[in-house]
Amino acid sequence: MSEPAFQSASPYKNDVLALPVTDLDAASDWYSQHFGMTEVERRNSPHPTVILERDGVKIGFAINGGDPSQEGAAIRVADIDGVKSQLESNGIAVANTRVDERDGERFNVFFVVAPDGLCYYFNEPVTS
């Protein structure tokens, strides 16, 4: 079995996500502590943005006027049970894992809603 790891964040293909937040420092601190991410960059243009990274996957958080309760990301992972255990040990309430089917493929999934209202859909393809 592989090490628990983030593999990608979507829906923005090759772009760094710019998920809406109201406080960059609070976002950086929370996602570092709870998702195991590291701050790698800050930008001021076109909006104040902080970019965090885990396992080579970068996610940006921006003060862009968006509504966090209407936004989120799908995070593809390796070892979904391991990632779930890591998040729980970091103090996150994690929804139960279930199996979803999309386009003929099956995925183990669970959801996390962060304190800022952003919703995350953690997923891993079912291989058996």
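All values derive from a computational prediction rather than experimental measurement. Any value given below was found using the heavy atoms of this structure, including those in side chains, with hydrogens, waters and symmetry copies removed.
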Inset, instruction - Mind checking the CG-CD1 spacing from Asp23 to Ile63? Nearest 0.5 Å is all I need. - result: 6.5 Å
Legend entry - Beyond-backbone contact of Tyr120 with Val94, side-chain heavy atoms, under 4.5 angstrom: no
Inset, instruction - Would you mind reporting whether Ile59 and Ile75 have side-chain heavy atoms less than 4.5 Å apart? - result: yes
Inset, instruction - Search all heavy atoms of His34 against all heavy atoms of Leu87 and return the closest pair with its distance. - result: O-CD2, 3.3 Å
For residues 104-119, which side-chain N or O atoms pair as donor and acceptor with protein atoms under 3.5 Å away, sequence neighbours left out?
{"residue": "Asp116", "atom": "OD1", "partner": "Tyr31", "partner atom": "OH", "Å": "3.3"}
{"residue": "Asp116", "atom": "OD1", "partner": "Leu118", "partner atom": "N", "Å": "3.0"}
{"residue": "Asp116", "atom": "OD2", "partner": "Tyr31", "partner atom": "OH", "Å": "2.9"}

Legend entry - Distance (rounded to the nearest 0.5 Å) between Phe35 CZ and Glu53 CD: 14.5 Å
Inset, instruction - Decide whether Tyr121 and Ile80 are clustered together by the hydrophobic rule: side chain heavy atoms of Ile, Leu, Val, Met, Phe, Trp, Tyr closer than 4.5 Å, transitively. - result: no
Inset, instruction - For Ser32 and Leu52, work out which heavy atoms get closest and say how close. - result: OG-CD2, 3.6 Å
Inset, instruction - Could you tell me whether the side chain of Arg76 reaches within less than 4.5 Å of the side chain of Asn123, counting heavy atoms only? - result: yes
Inset, instruction - For Ser85 and Asp81, indicate whether the former's side chain and the latter's backbone hold a donor-acceptor pair under 3.5 Å. - result: yes
Inset, instruction - Of all the heavy-atom pairs spanning Glu39 and Ser28, show the shortest one and how long it is. - result: OE1-OG, 2.7 Å
Legend entry - Inter-residue atom distance Thr49.OG1 - Arg43.CZ, 0.5 Å rounding: 6.5 Å
Inset, instruction - Quick one: closest heavy-atom pair of Leu19 and Gly72, and the distance? - result: CD2-O, 3.5 Å
Inset, instruction - Looking only at non-hydrogen atoms, find the nearest pair between Ala18 and Ala62 and report the distance. - result: CB-CB, 4.3 Å
Legend entry - Side chain to side chain, Val83 and Phe6, heavy atoms closer than 4.5 Å: yes
Inset, instruction - Can you establish whether the number of heavy atoms outside Asp67 located under 6.0 Å from its atom CG is more than 12? - result: yes
Inset, instruction - Might you point out which heavy atoms bring Lys84 and Asn96 nearest each other, and give the distance in Å? - result: NZ-CA, 3.9 Å
Inset, instruction - Any chance you could measure Asp55, atom CG, to Gln7, atom CD, to the nearest 0.5 Å? - result: 9.0 Å
Inset, instruction - Hey, could you give me the OG1/CD distance between Thr97 and Glu124, rounded to the nearest 0.5 Å? - result: 10.0 Å
